[in-house]
Amino acid sequence: WSERKQDPVKIMESYYTEPVTIEELADLSGRSLSSFKRDFTRVFGTTPKQWITQRRLSRARTLMLHNDYNVS
């Protein structure tokens, strides 16, 4: 399974809303943790943790603007 590397973009888009660790994301992508972080940073220009935080904040903002949701 780890011999088949998965696209880190697809992995991140699929799991950013889930309570998953960076180590688990690396495993899902078929990479070591250091390889995953290196490949991810090359593709996105930021760390996986920073990307997840920004993506979640962006989604929350969108939900609040287009629905009747509030901060709480």
Side-chain angles (χ1 to χ4, degrees):
W1 176 32
S2 62
E3 291 177 307
R4 283 188 52 197
K5 290 185 179 179
Q6 299 295 319
D7 182 7
V9 175
K10 289 180 184 175
I11 296 294
M12 294 301 283
E13 287 293 339
S14 297
Y15 290 96
Y16 80 92
T17 60
E18 303 297 323
V20 61
T21 66
I22 303 303
E23 290 83 4
E24 290 168 324
L25 292 169
D27 189 46
L28 287 168
S29 75
R31 293 169 173 79
S32 67
L33 179 59
S34 60
S35 174
F36 178 76
K37 287 180 178 180
R38 182 183 59 247
D39 292 347
F40 185 88
T41 301
R42 186 170 18 105
V43 171
F44 289 101
T46 188
T47 67
K49 184 175 173 104
Q50 290 171 334
W51 185 90
I52 288 171
T53 300
Q54 288 303 313
R55 188 72 167 90
R56 287 176 177 171
L57 287 170
S58 176
R59 182 167 187 258
R61 181 178 188 273
T62 299
L63 289 172
M64 287 174 45
L65 289 173
H66 299 287
N67 297 294
D68 291 330
Y69 297 139
N70 60 34
V71 175
S72 61

For the CZ atom of R42 and the NZ atom of K37, what is their distance to the nearest 0.5 Å?
15.5 Å
Could you tell me which non-hydrogen atom of S29 sits nearest to which non-hydrogen atom of F36, and how far apart they are?
OG-CD1, 3.3 Å
Could you tell me whether the side chain of D27 and the main chain of E23 form a donor-acceptor pair under 3.5 Å?
no
Heavy-atom pair with the smallest gap, counting every atom of A26 and L33
CB-CA, 3.9 Å
R56 side, atom CZ; S58 side, atom OG - distance, nearest 0.5 Å
13.0 Å
For a quick test of reading the model, state the closest non-hydrogen atom pair linking Y15 to L25 and the distance between them.
CB-CD2, 3.6 Å
Over 60° means perpendicular and under 30° means parallel, so tell me whether W51 and F44 are parallel, tilted or perpendicular.
tilted
With a 4.5 Å cut-off on side-chain heavy atoms, are L28 and Q6 touching?
no
A side-chain contact here means heavy atoms from C-beta on lying under 4.5 Å apart; do D39 and R31 qualify?
yes
Would you call R55 and E13 a side-chain contact if the rule is heavy atoms closer than 4.5 Å?
yes
Could you list the residues that satisfy side-chain contact (heavy atoms from CB on, under 4.5 Å) with T47, not counting sequence neighbours?
K49, Q50
Do D7 and I11 touch side chain to side chain, with heavy atoms closer than 4.5 Å?
no
